[in-house]
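Each remark here refers to the structure printed beneath this line.
Protein chains get the first letters and strands the later ones, always in sequence-line order, with residue 1 at the start of each.
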Number of protein chains: 2
Amino acid sequence: MPHSDEVIRAAGLKVTPVRRAIVALFAESLRPLTPRDVHVRLLEQFSRSGLPGVYRNLETLAERGILFRIAGFGQVRRYALCPKPGSGHQHHIICVACGRIDRIDECLYHDGMMVGGYRLLSHTMQFEGVCASCLSETNNGQS
Amino acid sequence: MPHSDEVIRAAGLKVTPVRRAIVALFAESLRPLTPRDVHVRLLEQFSRSGLPGVYRNLETLAERGILFRIAGFGQVRRYALCPKPGSGHQHHIICVACGRIDRIDECLYHDGMMVGGYRLLSHTMQFEGVCASCLSETNNGQS
DNA sequence: ATCTTAAACGGAAAACATTTCCATTTAAGA
DNA sequence: TCTTAAATGGAAATGTTTTCCGTTTAAGAT
């Protein structure tokens with residue numbers, strides 16, 4: 001796994017302490033993070049971190065293919081690390097029971113195909129369901 | 001096509017002038033409308049219409065299956081008339097060239113199926129593409 | 001080791017969409 | 001009519017995201 005600095009530098013961005021910390025945050029996190037999540041955690045290290053800076057960095061990192069921007073779950077934006085930098089779009093599913101969010105790797109749509117008379121350029125999806133873990137709990141009557 | 005009043009009454013809601021106007025608005029509109037769209041048009045008839053009332057009514061009508069709430073295109077919510085009241089979810093596609101939004105009737109996912117280890121309960125999608133009309137214009141060299 | 005400069009930053013404030021609160025009005029059944 | 005729960009408008013709050021601007025800083029050049 002490449003060090004945060006290399007990832008940032010490879011994207012043509014300046015390596016700053018804040019940026020290093022943000023990328024490290026996502027590398028350690030198992031779930032997508034909201035700008036607020038990121039800001040709260042940054043404040044532990046940088047007491048003067050500002051929310052606008054967080055937004056700017058998340059968007060910049062997303063533009064460069066390091067992060068993926070997840071929209072559509074409520075009105076809060078989330079970001080996740082791209083498995084490989086620049087590795088296309090992602091779809092996510094949230095468990096209505098426990099709130100965990102997972103990435104979905106397969107997708108039934110691909111850009112370029114025809115959908116409803118349109119030529120598809122991009123698509124986003126949001127799934128809600130019950131994760132395997134919660135499914136088995138429910139089956140055990142723990143609901 | 002049932003009159004607005006009947007639709008509203010059938011949903012167990014009071015028939016008010018504002019509500020009648022809102023349903024009529026959607027019945028006449030070819031495209032999904034934002035709360036702001038609706039508010040602006042209501043102001044033509046009801047000079048004292050308030051945005052909170054619009055939001056309330058749109059949500060109420062959506063809960064009762066008369067309207068469908070479309071999220072995920074930017075951070076602006078839209079609503080469209082359900083073809084048949086209560087007729088499940090819808091997906092929409094926006095043309096990046098001309099901005100028109102159409103409903104997509106077929107869908108490759110259905111709730112209940114397994115997706116990524118989850119049992120799917122609901123899903124939303126947003127598609128971007130080029131509509132047939134803009135596709136043909138492009139092909140004619142009108143770029 | 002400095003210099004220089006564009007990029008990055010923090011902070012305040014603005015911009016929006018959406019929601020809450022509350023007092024008033026109104027539709028609909030009695 | 002009367003009564004009442006539902007619906008409404010307006011002001012204000014909430015929460016997210018963006019803009020603006022002056023200051024700081026990383027990074028390549030000197």
Using whole Å, what does the distance between atom [atom2] of nucleotide [N] and atom [atom1] of [X] come to?
X	N	atom1	atom2	value
B:Arg78	C:dC16	CZ	P	16 Å
B:Tyr79	C:dT18	OH	C1'	10 Å
A:Leu42	C:dG11	CG	C1'	16 Å
B:Leu58	D:dA7	CG	P	14 Å
B:Ile70	C:dT18	CD1	P	13 Å
A:His39	C:dG11	NE2	P	8 Å
B:Arg64	D:dA7	CZ	C1'	12 Å

N/O to N/O distances under 3.5 Å, protein versus nucleotides 28-30 of chain D:
none

(message) For residues B:Leu33 and B:Leu43: do they belong to one hydrophobic cluster (side chain heavy atoms under 4.5 Å, members Ile, Leu, Val, Met, Phe, Trp, Tyr)?
(response) no

(message) Test of understanding: with side chain to side chain contact (heavy atoms under 4.5 Å, CB included), list the residues that count as partners of B:Ala132, not counting sequence neighbours.
(response)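 Not a single residue meets the side chain to side chain contact (heavy atoms under 4.5 Å, CB included) criterion with B:Ala132.
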
When you check the phosphate oxygens OP1 and OP2 of [N], does a side-chain N or O of [X] lie under 4.0 Å from one of them?
X	N	result
B:Arg48	D:dT8	no
A:Asn57	C:dA8	no
B:Arg19	D:dA6	no

(request) Using the salt bridge (Lys or Arg N to Asp or Glu O under 4.0 Å) rule, collect all pairs that involve residues 19-28 of chain B, keeping only residues at least two apart or in two chains. (result) B:Asp5-B:Arg20

Mind checking what makes ring pair (Phe, Tyr, Trp, His ring centres under 6.0 Å) contact with [X], not counting sequence neighbours?
X	value
A:Tyr79	none
B:Tyr118	none
B:His123	B:His89, B:His91

Could you list who else is in [X]'s hydrophobic cluster, with ILVMFWY side chains joined at under 4.5 Å, directly or through other members?
X	result
A:Leu30	none
B:Val40	none
B:Ile70	B:Phe68, B:Phe73, B:Ile94, B:Ile101

(message) The criterion is side-chain hydrogen bond (donor to acceptor under 3.5 Å, both in side chains); which residues satisfy it with B:Arg36, sequence neighbours excluded?
(response)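 In terms of side-chain hydrogen bond (donor to acceptor under 3.5 Å, both in side chains), with neighbours along the sequence ignored, B:Arg36 is linked to no residue.
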
(request) Estimate the overall bend of the helix from C:dA1-D:dT30 to C:dA30-D:dT1 from the end axes over five pairs each, rounded to 10 degrees. (result) 30°

(message) For B:Asp102 and B:Arg31: C-alpha separation, side-chain torsions, deciding distance, then whether salt bridge (Lys or Arg N to Asp or Glu O under 4.0 Å) applies.
(response) CA-CA 7 Å; B:Asp102 280 299; B:Arg31 308 279 168 235; 3.2 Å; yes

(message) Using a 4.0 Å heavy-atom cut-off to protein, can you give one letter per nucleotide of nucleotides 16-26 of chain D, 5' to 3': B if the base is in contact, S if only the sugar-phosphate is, - if neither?
(response) SBBBB----BB

(message) What contact category does A:Ser49 fall into here, base, sugar-phosphate, or nothing, at under 4.0 angstrom with non-hydrogen atoms?
(response)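 Counting heavy atoms under 4.0 Å across all strands, the contact made by A:Ser49 is with sugar-phosphate only.
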
